[in-house]
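Below is one structure, written out as structure tokens, with a few remarks after it.
It should be emphasised that the depicted structure is a prediction, and the values quoted were computed from it without experimental measurement. Keep in mind that the numbers below use all heavy atoms, side chains included, and drop hydrogens, waters and symmetry copies.
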Amino acid sequence: MAQFQSLPGFREFYPDALARRNHIFRLWRQTANTFGFQEYDAPVLEPLELYKTKSGDEIEAQLFSFTDKGGREVALRPEMTPTVCRLVGEKANSLKRPIKWFSIAEFYRYERMQKGRGRCFFQLNADIFGEPGVEAETELIAMLVQCFAGFGLTAEDFYVRLSDRNLWFYYLEALGLDEVRVRGMLSAVDRFEKLGDDAFKDYVTQFGALDEGVKAKVLAFLQIKSLAALETAVSGIPGDKLTARLADWRKLLGNLAAMGLGGFVEVDFGVVRGLAYYTGFVFEAFDRKGELRALAGGGRYDSLVGKLGYGEMPAVGFGVGDMTFALLLEQRGLTPAFVPTTDIYVVIGGEAERAAAFGDIFALRAAGFRVDYPLKDLAFGKQFKVAAESGAKLALIYGGDELAKGVVKIRVLGDRSEHEVPRDQVAAAVRDFFSGGAE
RNA sequence: GCGGCCAUAGCUCAGUUGGUUAGAGCACUAGAUUGUGAUUCUAGGGGUCGCGGGUUCGAAUCCCGUUGGCCGCCCCA
């Protein structure tokens, strides 16, 4: 039987699965629109070099990449960030600021599948370009929260952990680490939650034994869970940069609290996010039970547009994947039921009545009603059964008796009531039913 | 790239120490029911038992390989 299988890690969406996916996308799109973001789209296939420039040569092992017939090295997109940076960079001078854009798109990574991870997946990506201040972070974190809360998820279900690579940088510099060591230390911090003390192994291998005093301070810093603790930790360290940064923190947390989102956001310096292109605030969303992998991640990346060869452009963005998010909805029983797609089912007596029904069926469809009917003659009982299963609210009955009288019988499937209307008033009667919601 | 478990109908699964033509429920199609709905009854379609090889008189069953799936490690933009 199974002569051809789908490729490993790729998904097929049968209608009920696609209905669930569409429901998620619909709410995400609606939320993005209410936050004033504009939707864009871009190619699935990109030059391989775009990703190597951003992430380094090693990235190729994780990509679906090949040489096309023109000899070009290409790759299926594994993420949207480099692409959207190019879009913005190309037209930076003509775009109104702030640039608030989002997309819902499919991505491909050549990886081993796991729970919540496949070789293809969808992501909502939202980014703000051109705004260096925390006002941009405010918008994006608020929108991220609403993208979840819109489904009925609450602060009991998920939360956003907020951290700051800038502050980490300032702090580690103050401890006497140079830039290379700071980056090594940040990658240790990133892994500390999972590995514990072993997270420092790479650092020690690369830079030699770690001073116990420094290590103790790093461990204390990554356990910071509040603005007050943060202020205490840096209070002894001089410098305007640090003072200004603390002001940013107060403003951002104040903004989010003013939006009523305080319960969703937690200061957490254990988060720094792996790859190095983030330059400021970083954040990740997790389920409260801690059972799933990260639901969303984002942060500020002010230097990436410039790195790709365009003018400098401040930027903040986040991405939410569909797979882990769908798992969370399922866990909390918030997966929507399949929505029936029929408004009206037309019951047809036989071939003679079919011709009469066809005219009205087409007219009703043209008027925007979702109308279905049996393609071939069926017993009446069977047709009513199909009508009920279709989820239709109304059945229109085109039988020999009705047509002889010049009427159509309308049956309200919910309460099984019936009445007859003259044939030329069918459209009006149907419109009344659906606009009034009654009768 | 590494490790553990698994693979029988569209789905969930039975299938005895290796033994005749591989089963059930659900789902699907049709009939009972030629003008009125979720029940019931009956019938039907659908499987080269993931694929390939080996052992055997005989393999869904035992052995090897392979592909795929789930879970974990690495990674996670």
Q.
Nearest 0.5 Å, please: how far is CH2 in Trp28(A) from CG in Asp322(A)?
A. 6.0 Å
Q | Nearest-angstrom distance, C1' atom, U61(B) to G50(B) | A | 16 Å
Q. If you look at every strand shown and take non-hydrogen atoms under 4.0 Å, does Pro8(A) touch a base, only sugar-phosphate, or nothing?
A. sugar-phosphate
Q) Under 6.0 Å from the CD atom of Gln114(A), do we count more than 12 heavy atoms belonging to anything else shown? A) yes
Q: Measure from NZ on Lys376(A) to P on U29(B) and round the result to the nearest Å.
A: 13 Å
Q: Starting from C1' on C75(B), measure out to CD on Glu111(A) and report it in whole angstrom.
A: 7 Å
(Q) Using the ring-ring contact (aromatic ring centres under 6.0 Å, His included) definition, which of the options Phe325(A), Phe286(A), Phe264(A) pairs with Phe158(A)? (A) Phe264(A)
Q) Between atom NZ in Lys201(A) and atom P in C74(B), what is the gap in whole Å? A) 12 Å
Q. Between Ser103(A) and Glu39(A), do the side chains contain an N or O donor and an N or O acceptor separated by less than 3.5 Å?
A. no
(Q) Only pairs with both distances under 3.5 Å count, Watson-Crick or wobble alike; so what is the partner of A9(B) in this structure? (A) none
Q. Are Arg21(A) and Glu12(A) within salt-bridge range, i.e. N to O under 4.0 Å?
A. no
Q: Count the heavy atoms of every other residue, nucleotide or ligand shown that sit under 6.0 Å from NZ of Lys91(A), and state whether that count exceeds 12.
A: no
Q: Using whole Å, report how far NZ of Lys115(A) lies from P of G69(B).
A: 18 Å
(Q) Is there, by distance only and without an angle test, a donor paired with an acceptor across the side chain of Arg273(A) and the base of A77(B) below 3.5 Å? (A) no
**Q.** Interatomic distance where NZ belongs to Lys307(A) and P belongs to A77(B) [whole Å]
**A.** 15 Å
Q | G25(B) versus A43(B) - spacing of their P atoms, nearest Å | A | 11 Å
(Q) Please report the distance separating the P of C49(B) from the corresponding atom of U21(B), rounded so that it comes out in whole Å. (A) 14 Å
Q.
I'd like to know if Arg86(A) pairs up with Glu90(A) as an ion pair, taking the criterion as any Lys NZ or Arg NE/NH1/NH2 lying under 4.0 Å from an Asp or Glu carboxylate oxygen.
A. no
Q | Interatomic distance where CE belongs to Met113(A) and P belongs to U67(B) [whole Å] | A | 13 Å
Q) Which whole number of Å gives the distance between the C1' atom of A27(B) and that of C51(B)? A) 27 Å
Q.
Heavy atoms within less than 4.0 Å of RNA chain B: which residues of residues 43-53 of chain A have one? Give them sorted by number.
A. none
Q | Distance in angstrom units between Glu291(A) CD and G72(B) P, rounded | A | 12 Å
Q: Rounded off to whole Å, could you give me the CZ-to-P distance for the Arg293(A) and C76(B) pair?
A: 12 Å
Q: In whole angstrom, give me the gap between the P atoms of U55(B) and G72(B).
A: 40 Å
Q.
Please check if the number of heavy atoms outside Phe369(A) that lie under 6.0 Å from its CZ is greater than 12.
A. yes
Q. Does the distance from a Lys or Arg side-chain N to an Asp or Glu carboxylate O, for Lys100(A) and Asp127(A), drop under 4.0 Å?
A. no
Q. Say you pick atom P in C62(B) and the same atom in A24(B); how far apart are they, in whole Å?
A. 24 Å
Q. When you check every protein heavy atom under 4.0 Å of nucleotides 31-42 of chain B, what one-letter string (B, S, -) results, 5' to 3'?
A. ----BBBS----
**Q.** Integer angstrom distance from the P of A30(B) to that of U66(B)
**A.** 46 Å
Q | 5' priority, RNA chain B, between Gly9(A) and Asp202(A) [closest heavy atom] | A | Gly9(A)
Q. Within a strict 4.5 Å, meaning less than it, do heavy atoms of the Val371(A) and Arg365(A) side chains meet?
A. yes
Q) More than 12 non-hydrogen atoms from neighbouring residues, nucleotides or ligands closer than 6.0 Å to CZ on Phe362(A), yes or no? A) no
Q) For G72(B), does OP1 or OP2 lie under 4.0 Å from any side-chain N or O of Arg112(A)? A) no
Q: Would you indicate what Arg191(A) reaches in the nucleic acid, counting non-hydrogen atoms under 4.0 angstrom: base, sugar-phosphate, or nothing?
A: sugar-phosphate
Q) Residues from residues 116-123 of chain A sitting under 4.0 Å of RNA chain B, heavy atoms only? A) Arg117(A)
(Q) Can you tell me the base-pairing partner of C73(B)? Count Watson-Crick or G-U wobble geometry only, both distances below 3.5 Å, and say none if there is no partner. (A) G1(B)
Q | A7(B) and C13(B), which share atom name P, separated by this distance in whole Å | A | 10 Å
(Q) Can a side-chain donor-acceptor contact be found between Tyr51(A) and Glu49(A) if the only test is distance below 3.5 angstrom? (A) no
Q.
Over all strands shown, is Gln383(A) touching base, sugar-phosphate only, or nothing at heavy-atom distances under 4.0 angstrom?
A. nothing
Q: Please report the closest heavy-atom contact between Leu364(A) and Ala427(A), naming both atoms and the distance.
A: CD2-CA, 4.1 Å
